[in-house]
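Reviewing the structure listed below.
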Amino acid sequence: MEFTSTVTEKKQVVPKKKYSPVREFWVNFKHQKTAFFASMFILLLIIIAIIGPSIAPYDPYKPDYDATLQGPSSEHILGTDEYGRDIFSRILVGTRITLSVSTSSVLLGAIVGTVLGIMSGYFGGWLDRIIMRSSDVMFAFPDLLLAIAIVAVLGPGLNNVIIAVSVFSVPSFARLVRGSTLEAKENTFVEAAKSMGAPHKRIMFKHIFPETVSSLIVFVTMRIGTAIIAASSLSFLGLGASPETPDWGAMLSMGRDYLGTASHVVMMPGIAIFLTVLAFNLVGDGLRDVLDPKTKNE
Amino acid sequence: MFQYILKRIIEMIPLLLVVSILTFLFIHMIPGDPARLVAGKDATLEDVNRVSIELGLDQPIWKQYVTFMGNLFKGDLGTSLKTGLPVSNMFADRFMPSIYLTLLSMGWALVIGLIIGTLSAVFKNKWPDHLGMVTAVSGISLPGFWLGLILIQIFSVQLGWFPTGGAEGWKSYVLPSITLGAGIMSMLARFTRSSLLETLKADFIRTGRAKGLKESSVLTKHALRNSLIPVVTIAGLQFGFLLGGSVVVETVFSFPGMGRLLIDSIAFRDYPVIQSALLLFSIEFILVNLIVDILYSTLNPKIQYE
Amino acid sequence: MRKANLWKMLFFALVCSVLLVGCSDENGGDSEKGQKGSDKEIVIAVNENFISMDPHNTGDTNSNSVQSAMLEGLLGFDSDGQITTVLAEDYSVSENALEYTFKLNQGIKFHDGEEFNAEAVKVNIERIMKDESLRLNSRGFNLITSVDILGDYEIKVTLKTPYSAMLTRFSVAKMLSPKLIKENSDDIPKSPVGTGPFKFVEWVQGDHLTVERYDDYWKKGERVKKITYKPVPENGSRIAMLKTGEASVIYPLPAQNLQELEGNKDIIVSKIPSTIARYVSINTMKEPFDDVRIRQAFNYAVDKNAYIKVVNSGFGLPLDSVIPSKTLYYVKQDVYEQNIEKAKELLKEAGFENGFTAEIWGNTNSDTMKGMQFIQQQLKEIGVTVEIKSMEEGTLSDEIFGAQTPEEAKLQMWYVSWSSYASDVTNATKPLFHSESIPPNSANTAYYKNTEVDSWMNEANSTGDATKQAELYEKIQSTIYKDAPWIFLGVDELLVGTRSDIEGIYVDPTGGINVSDANFK
Amino acid sequence: MSNKLLKVTGIRKSFEIPSGILGKKKILKAVNDVSFEIMEGQTFSLVGESGCGKSTTGRLVSRLLTPSEGEIWIDGEEISQKKESQLKKMRQKVQMIFQDPYASLNPRMKVRDIIAEPLLIHTKLSKLEQQRLVSEILKVVGLNESHADRYAHEFSGGQRQRIGIARALIMKPRLIIADEPVSALDVSIQSQILNLLKDLQSEYNITYLFISHDLSVVEHISDYIGVMYLGTIVESGPKDAIFSNPQHPYTKALLSSVPIPDPKLRKERIILKGDLPSPMNPPAGCPFHTRCPVSMEMCKTIVPKVTQVALDNHFVSCHLMSS
Amino acid sequence: MSEKLLQVEQLQTEFTKDKQKIRILHGVNFHINKGEVIGLVGESGCGKSLTSLSIMGLFKGTSGEITGGHIRFNGQDITSLNVNEMRKMRGKQIAMIFQEPMTSLNPVMKIGEQLMEPIRIHLNLNKKQAKEHAISMLKKVGIARPDEVINEYPHQLSGGMRQRVMIAMAMSCNPNLLIADEPTTALDVTIQAQILELMKQLQQQEDMSILLITHDLGIVAEMCDRVVVMYAGRVVEEANVFDLFEEPKHPYTRGLIGSVPKIGDKRDKLDSIKGNVPDPSDMPIGCKFAPRCTQVMPICLEAEPTSIMLENDRLCSCWLYDHERGEMHV
């Protein structure tokens, strides 16, 4: 057949650089300076999360009642808290808890939300209506009451904080994913799969889900920031992690009484939270520019 | 239009009924016995049981619900278990300040958010964009109570410009509304930016330029209005959240709002107050959605109400 | 509708919101608050919302404080928390502790012009007697069998059984205008009418409550024109208000912020020993806490002075008995001074050389969480690992009182505090240590059961003889202290911040704010 | 050759369209009493302007949609109301090719997996066997093995459409429903694909239901043609009959509207007035009467019946014919 | 008649992607006489739309820029105009209509408002006059109830109506040149026929020049006086419409015409051009069409042919017609 020549036509031209999707993403992402820098910061955080306990200069739990509320000094570079614990060590050790609580709660929320959202968008009809109306109710329902209920039923503790925070994010994820599902459903390749007789499960997870991934990733990074703040707000209301845990949010809320007298107790974890949330949001912004098909093309 | 609004309001009723049942079940499922809390720490079991009967808490839940709803239809929100005051009385003083605070926060967040977002989109990838986005993202990244406490330290204690709290006079609204609006402003700025960037790629923008329009009129007359549609959605959603009150901001600024009342009531398991407050929030939420829909139709002529 | 220009609408919305706020400004009254001069007002910032203005149904200190500006009882408390006469000129108790006779002051009028007399007292007492929903009803008043008017200004109250705290109750039960009770009882929780130095003006829920000088008050004196009470839950905000002068008095003054006020000549800080005992109750029926050595070891493990320094920012006294020092019949005990060696030895004797794991419960209050962490740190020294479970108040109370029998109880340790009137030693002991008070019945969360102590308490309650009571309470205190059903921590010292241009305001050991002589200097 | 592979009789499909946010639902009659049949190995084309219901008809036949009425017989089996679970056999026999080669291939799947997907769904073949079939089919459509491990977005439009065809071919279908398969392609590529489709037909005896708006393409590929207007077939018949002897005024106008790529043949066209009526609010009587240059009074009220024009299966629905 | 209205000379246009400049137009040359309809044909990606955007100076919001050559309009080099001067030119002297009448109109503005914008800017009319003018324009393009239509929104109109509105808008200031970029591609054939008819009619009425950009050779044959064929950012052939269809010179043009199915055409197989359009960032050396050409010669793979004037004022860029060098290498 004459078409075979299509293959040979490129012989005399320089081989074209066609990247795999992952590679292409990476190349584009590197151009996003701020986002790239922010993601390096997050990488640093992850490293700290892993090795934090071993590089911490002091035992983050060990009190020293003779050296409480000391300002930053050469001995304690970020000062000490109300029990004389080294704030720097606590922040280092707390990185793991803070990051894992926020990421796991967001991921949990994302998983549940995604499944609900895809089903809602894909099947439509009464299922859609039920899921969407319930998420409306969830939106209207004060987060805190939900948190209290969850913590009340499950008891306090980090795991339950994770559950509580993830429950908050389920409706948002469900909506987001439903939106992109409705969009993805319009793709002819979905129809093509249907015409081949592909089962619903395959269509939903093989064909539709990947279409939602890029907006999901963007949203996840942004939600992680929200989750850190949500978890710290729970601490503020005393519903968070066990109080001795060097979770940044808990440090922030326990330390707030000392804002006037020993402000470093609040400022240091506050700055840590701020920078981390900022970094996640910047990465999310960058990812959006790279991944979102709507803003991607020049 | 009027018919449409009426229809929407009628549609609210079954939804609210469902919400009321759900919330009623929900709040009764949370552990905690208001009778114990009413009776006091030093009360004996006997006292607690008596209080329980007195407050009608010994009744089956459905009966309590029927009583509550019955009173509600008579316009009676019930009596607070904690204070013994009519719930409507407790809401009266807090409702308007909450509304004002919400409007103010929303107002400035909308104006500044739109300005930052527009500038960022127009100067995409130039310094105003970077500056604007860092400002915006910072707004999201600051924990509310931290920002609030720092604002108090600077503007109340150090500079003495604004009171530390309360809800008397416009001055006392300044700091809480900044704290509350910061996150929303940021979100709106970001949405405005991306939405505007998208609109600026639309064909009709090119048409506008092909007509010989000035770039400024292309932006204001053609691009901005189109890009407001998604922004309105986000704004509406946030508005709904704000109306529910912000516990954190209300606590930091000792602001007499609905959020703190709700929290105090939750802590006390003050069922009638919680129930009424949740119902009120739901109504607000639905009304805000309605307003957003109407705003939609003014922004987007494609959507029509028949 | 579609014609409407969006920008116009947005602008309109903004203008509206500004206007609305502007209006609220006018409604909110004058903005000149906190200025000097006795015709101005004093602003008092407290840490929590007021719950109710019904004096017969109040359990919280702040509501009591506000009420005390407007209402007075037959009896009252002096600045040390001991009972004095107020509306009653004199009183007597029969020997069998069943009959209480009051002679009333004359010429006193309620704010609404009603006269204060025996009839008015009877209306008040009968209200409490009959209405079971009132908090005071279950606290003594349901024991009343009759209220007899002996004269226009003399009245006798008879009890079914002796109740040693009855005098304290009469001090708490403030008198309301009989007209209010009879005609507008719904208004009682909102706007009470009494005989006090100030009368009710307005209560904006969640924001403030204002009272105004009652010019016909029966005790003459110079007083400020107006007092406004504001609930300001955030510590930092309260202290900021004091500094900026927005508040003339703040209570409680957060101890950790005291340093901020150092060298500030405009602010006077006063320190009052309180009747608030801080302790950890230990479930004495649960292994291994049923061994007194373990409990004593815990007590030896804790450094009370460090506790006061770290948790209470240096303000407080060690709890050196089962009741605070201001409480009636208090007797100082031998304090368990911190002695890690001894504690470890006790543990070893009890068979826990290598320590064990225990759970401590508490509410979500930041002070509680601080205290629990401290206990955790201290017990770690003797090898006991403490897990902190902070629970939201309602849940916590369900967890504790949900257990119908001691066997069901999951509670091991509870970080908590107790406060009673200085004059009310019964309330400071019976609900906490009497075996009848074991949950769910009442607050004996140590599940402390000592038949001897039970009988001493019963005896003390049924006698009107003060010497006898003092004797019994001495035995009760020393026995319980040795049994160590608690980790005895400290007694709070209350801190009040006052602007230096204010006089005549003091806080009593229970935390009540007395303003009857409040004025600008 | 005389085996009827597809027979469609009287199918109808309506959609409910919510209008506005709360308006009353409107009924869109997308397909309104459509009947036709295709002999095995032949090409039947549905041609018409946007909104005429040709694509809906295609999707009804492929049972992506369920008809409200009517029968669809494929290879002797009636499938119009069968449930998805009962359609497995039919799905193997009938494959689709779509208009947009960009959207119809999952951008996140390798070409290999795209083509093998029907095998994965319908067969229990081993990975190896699947891959062998894929390589085979790639050659058939003019691609080669090295293309299999790339992603669809790395290909040009024509190549993508080849991938789409390969996917349709792999199950060795009897019927291919091609919905505007070349309208998104450049002319030079369009001819490649049309030629390929023709070659495949003669090689594998495939039957096509070809859907297009482009009369010149349709003329080139079809054996039989059905001209659709507002949900109904107004004229149908063998290609030559339709093109050389069009009877329905709409067919005539349509033919006349097509610009001929030859400046010497510039001619007076029949320019229809107005726009297509909304299918949500179709005119009474003959659906075409609002734009028909020769409409009569009766056309406004009476729906014309189908009449046979000549012996060779040429049918027209027009009052001009029946009178 | 042969007065040159627009001359495009050696036009080069580039885009920047990932900091790399990609040249899309490589020295495009052609001209338009007054009152002439020129067809610019080629497949997607050949640079025909970009040529029109270059003429209009519509690069705002893209990274495109003109990096070489001149565009003379009435003798004036418009590539040297500043932003403001160019803006005043757009819509007044050169107007443009686009492919998608749906998205080319602002969905949230009334037709009247959008129509009045260029009128008010360029003709200095007051609101009332502008409105009258707008209504008259709508009448001119055959819209039945112009008074109502000006108060309607784009979505309330059909595709054909919208394109009429676009034409009315473009024609409202009496431009000398109308650039129509695939004006009927999104429309149905019967509507397309209406619009083409309208354009023809208006062109004759106003004696306006039209640059008609299309991929549809049928439309070209129907509408144009002269045809410019583009391939890979270059003009490969230019000729009178009759000559071009009669005897296409460039192998590409020939392939293009051969691959279009014609009604009444009895060929069983269509001609086709093998392969695909090359990627602009990855162009072959020599003649860009060489890899797909059926008559490729060795020189084609080495050097790019230049434009050669043939009989009847035709131009063609192909080595086949360069009798000196072309034959040397055969």
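In what follows, chains are A, B, ... by sequence order, proteins preceding strands, each numbered from 1. Please read all numbers here as calculations on a predicted model, not as lab measurements.
- In terms of the salt bridge (charged side-chain N to carboxylate O under 4.0 Å, His left out) criterion, residue partners of C:Lys190 (sequence neighbours excluded) are, by chain and number, C:Asp187.
- Per-residue counts of heavy-atom pairs under 4.5 Å with chain B were compared for C:Pro431, C:Pro440, C:Gly59; the largest is that of C:Pro440.
- Note: C:Ala240 leads C:Ala240, C:Pro439, C:Gly236 in heavy-atom pairs under 4.5 Å with chain B.
- Both the backbone and the side chain of B:Asp33 come within contact range of chain C, each with at least one heavy atom under 4.5 Å from a heavy atom of that chain.
- One finds a salt bridge joining C:Arg127 and C:Asp54 here, because a Lys/Arg side-chain nitrogen approaches an Asp/Glu carboxylate oxygen to under 4.0 Å.
- Both the backbone and the side chain of B:Asn89 come within less than 4.5 Å of a heavy atom in chain C.
- Contact check on C:Glu392 versus B:Arg269 returns a salt bridge, with a Lys/Arg side-chain nitrogen under 4.0 Å from an Asp/Glu carboxylate oxygen.
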Take C:Trp361 and C:Ile400 through the side chain to side chain contact (heavy atoms under 4.5 Å, CB included) test and state the conclusion after the steps.
-> CA-CA 10 Å; C:Trp361 292 1; C:Ile400 292 170; 3.9 Å; yes
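- In this structure, chain C has heavy atoms under 4.5 Å from both the backbone and the side chain of B:Ala43.
- Neither the backbone nor the side chain of B:Leu261 has a heavy atom closer than 4.5 Å to any heavy atom of chain C.
- C:Glu41 and C:Thr228 form a side-chain donor-acceptor contact under 3.5 Å, judged by distance and modelled atom types alone.
- Residue contact with chain C, scored on non-hydrogen atoms closer than 4.5 Å, involves the backbone and the side chain of B:Val157 alike.
- Using a 4.5 Å cut-off between heavy atoms, C:Asn142 touches chain B through its side chain atoms alone.
- The aromatic rings of B:Tyr173 and B:Phe255 sit perpendicular, their planes meeting at an angle over 60°, well past the 30° parallel limit.
- The existence of a salt bridge linking B:Arg94 and C:Asp207 is excluded, since no basic side-chain nitrogen approaches an acidic carboxylate oxygen closer than 4.0 Å.
- Contact of C:Arg139 with chain B is made through the side chain alone, with heavy-atom distances under 4.5 Å.
- Taking the six-membered ring where the residue is Trp, the centroids of C:His208 and C:Tyr229 are separated by 6.0 Å or more.
- With a threshold of 4.5 angstrom between heavy atoms, B:Val38 approaches chain C through N, CA, C or O but not through any side-chain atom.
- In this structure, the portion of C:Asn49 lying under 4.5 Å from any heavy atom of chain B is its side chain and not its backbone.
- Contact detail for B:Ser195 and B:Ser227: the closest heavy-atom pair is OG-O, 2.6 Å.
- Taking chain B as the reference chain and counting heavy-atom pairs below 4.5 Å, the highest number among C:Ser138, C:Ala443, C:Ser420, C:Ser52 is found for C:Ser138.
- Contacts between residues 128-135 of chain C and chain B, counted as heavy-atom pairs separated by less than 4.5 Å, involve C:Glu132, C:Ser133, C:Arg135.
- Between B:Ile184 and B:Phe239 there is no side-chain heavy-atom pair separated by less than 4.5 Å.
- For C:Ser397, the part lying under 4.5 angstrom from a heavy atom of chain B is the side chain only.
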